[in-house]
Every structure is written in structure tokens, then in C-alpha cells.
A.B. asks: 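Quick one: this structure, given as C-alpha cells, is what I'll be asking you about.
Here the structure is a predicted model, which means the values were calculated and not measured.
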Amino acid sequence: QVQLVESGGGLVQAGGSLRLSCAASGRTIRWYAMGWFRQAAGKEREFVARTNWSGGTSYYADSVKGRFTMSRDNAKNMVYLEMNNLKPEDTAVYYCASSPGGGSSPLSYDYWGQGTQVTVSS
């Protein structure tokens with residue numbers, strides 16, 4: 001059984017930083033693309049960042065480009081999202097997910113974590 005467990009969320013002031021972690025079990029993520037998505041209250045889930053199987057190629061939503069950095073440690077079966085210069089509009093539940101093929105659509109991802117809340121105060 002594949003499990004993805006996010007951690008690292010919390011309450012932070014605007015301009016602050018957080019580092020989210022995603023621990024995978026039941027699947028060796030080495031062979032899978034990984035992504036981060038977020039869902040704010042009353043809104044649809046949206047793409048944040050994704051990386052290919054090796055971590056050598058990453059893509060970011062325009063809204064987070066230059067502020068967020070996604071990385072992965074395949075040896076530890078871990079994925080990370082470093083978030084800097086956080087803004088109130090970054091407030092959302094953040095999810096990590098794995099995909100056989102990658103992409104920016106949530107439909108491309110077959111396993112999801114339970115999410116971690118990030119709240120940015122102004």
C-alpha cells in the first residue's frame with residue numbers, strides 16, 4: 001500500500017519561510033514523477049511544483065516561481081518543498097502526489113498524501 005505523508009505546515013507571517021516534507025512508503029519514488037499541489041478554501045486544487053524522477057527537471061506555477069523550490073531525495077524516499085517569501089495568498093492545504101508520467105494536472109497523479117495546512121498571516 002502506497003502512503004504519502006506530508007509534514008512541516010504551520011502558521012507563518014508574510015515574508016516568512018516554511019519547508020514541507022513528504023515521506024513515501026510502499027512505493028519507491030525513484031521511478032516516479034512527484035508533485036506538490038495546494039487547495040485553498042473554496043477553490044479547486046491547483047498545481048504548485050513538480051519534478052521528474054531524478055529531480056533534474058522541475059516545473060513551477062507562475063505564482064510561486066522564484067519563491068518555492070522543490071527537491072527530492074530518492075535514497076530516503078522523500079520529497080521537499082522549500083517556500084520562501086510567503087504571501088497570504090499562499091494559504092492553503094498542500095498535498096504531495098506521485099505520478100507514473102508527470103504533468104501539471106491532478107488527474108495525472110495516482111497517489112496523494114492527506115495534506116498539510118499552511119497559513120500565512122498578513
A.B. asks: If Ile, Leu, Val, Met, Phe, Trp and Tyr residues are connected whenever their side-chain heavy atoms lie under 4.5 Å apart, and connections chain through other members, are Val93 and Val79 in the same group?
C.D. replies: no
A.B. asks: Mind checking what makes salt bridge (charged side-chain N to carboxylate O under 4.0 Å, His left out) contact with Lys65, not counting sequence neighbours?
C.D. replies: Asp62
A.B. asks: Rounded to the nearest 0.5 Å, what separation is found between the CH2 atom of Trp36 and the CE atom of Met83?
C.D. replies: 8.0 Å
A.B. asks: Of all the heavy-atom pairs spanning Arg45 and Pro106, show the shortest one and how long it is.
C.D. replies: O-CG, 4.4 Å
A.B. asks: Can you tell if the side chain of Val12 reaches within under 4.5 Å of the side chain of Ser17, non-hydrogen atoms only?
C.D. replies: no
A.B. asks: Report yes if the side chains of Met34 and Met70 come closer than 4.5 Å at any heavy-atom pair, otherwise no.
C.D. replies: yes
A.B. asks: Tyr109 vs Phe37, test: ring-ring contact (aromatic ring centres under 6.0 Å, His included). Steps then yes/no.
C.D. replies: CA-CA 10 Å; Tyr109 292 76; Phe37 292 79; 5.0 Å; yes
A.B. asks: Could you tell me the separation between the CZ atom of Phe47 and the OG atom of Ser63, rounded to the nearest 0.5 Å?
C.D. replies: 9.5 Å
A.B. asks: For the CZ atom of Arg38 and the NZ atom of Lys43, what is their distance to the nearest 0.5 Å?
C.D. replies: 8.5 Å
A.B. asks: Quick one: which of Asn84, Asn85, Asp90 gives a side-chain hydrogen bond (donor to acceptor under 3.5 Å, both in side chains) with Arg67?
C.D. replies: Asp90
A.B. asks: If only side-chain N and O atoms count, and only distance matters, is there a donor-acceptor pair under 3.5 Å linking Ser58 with Arg50?
C.D. replies: no
A.B. asks: Using a 4.5 Å cut-off on heavy atoms from C-beta on, say whether the side chain of Leu86 contacts that of Leu18.
C.D. replies: yes
A.B. asks: Could you state the interatomic distance from CZ (Arg30) to OG (Ser54), rounded to the nearest 0.5 Å?
C.D. replies: 10.5 Å
A.B. asks: Under 30°, 30 to 60°, or over 60°: which ring-plane class applies to Tyr94 and Phe68, parallel, tilted or perpendicular?
C.D. replies: tilted
A.B. asks: Is Val118 close to Leu11 at the side-chain level, that is, under 4.5 Å between some pair of heavy atoms?
C.D. replies: no
A.B. asks: Quick one: which residue pairs count as a salt bridge (charged side-chain N to carboxylate O under 4.0 Å, His left out) with a foot in residues 71-80, not counting sequence neighbours?
C.D. replies: none
A.B. asks: Any sub-3.5 Å donor-acceptor pair from Gln3's side-chain atoms to Ala24's backbone N or O?
C.D. replies: no
A.B. asks: Taking the side chain as every heavy atom from C-beta outward, state whether Met78 and Ile29 have any pair of such atoms under 4.5 Å apart.
C.D. replies: no
A.B. asks: Which atom names give the shortest non-hydrogen contact between Leu4 and Tyr111, and what distance separates them?
C.D. replies: CD1-O, 3.4 Å
A.B. asks: Decide yes or no for Thr91 and Glu89: does some side-chain heavy atom of the first lie under 4.5 Å from some side-chain heavy atom of the second?
C.D. replies: no
A.B. asks: Heavy atoms, side chains only, cut-off 4.5 Å: are Leu81 and Val48 in contact?
C.D. replies: yes
A.B. asks: Would you call Thr28 and Asn77 a side-chain contact if the rule is heavy atoms closer than 4.5 Å?
C.D. replies: yes
A.B. asks: Any idea which heavy atoms bring Ser108 and Gly102 closest together, and the distance?
C.D. replies: CB-O, 3.4 Å
A.B. asks: Do any N or O atoms from the side chain of Glu6 and from the backbone of Cys22 form a donor-acceptor pair under 3.5 angstrom?
C.D. replies: no
A.B. asks: Specify the closest pair of heavy atoms between Ser98 and Arg27, including all atoms of both residues, with the distance to one decimal.
C.D. replies: OG-NH1, 2.8 Å
A.B. asks: In terms of relative ring orientation, are Trp112 and Tyr95 parallel, tilted or perpendicular, with 30° and 60° separating the classes?
C.D. replies: perpendicular
A.B. asks: Which heavy atom of Tyr60 sits nearest a heavy atom of Ala49, and at what distance?
C.D. replies: CD2-CB, 3.5 Å
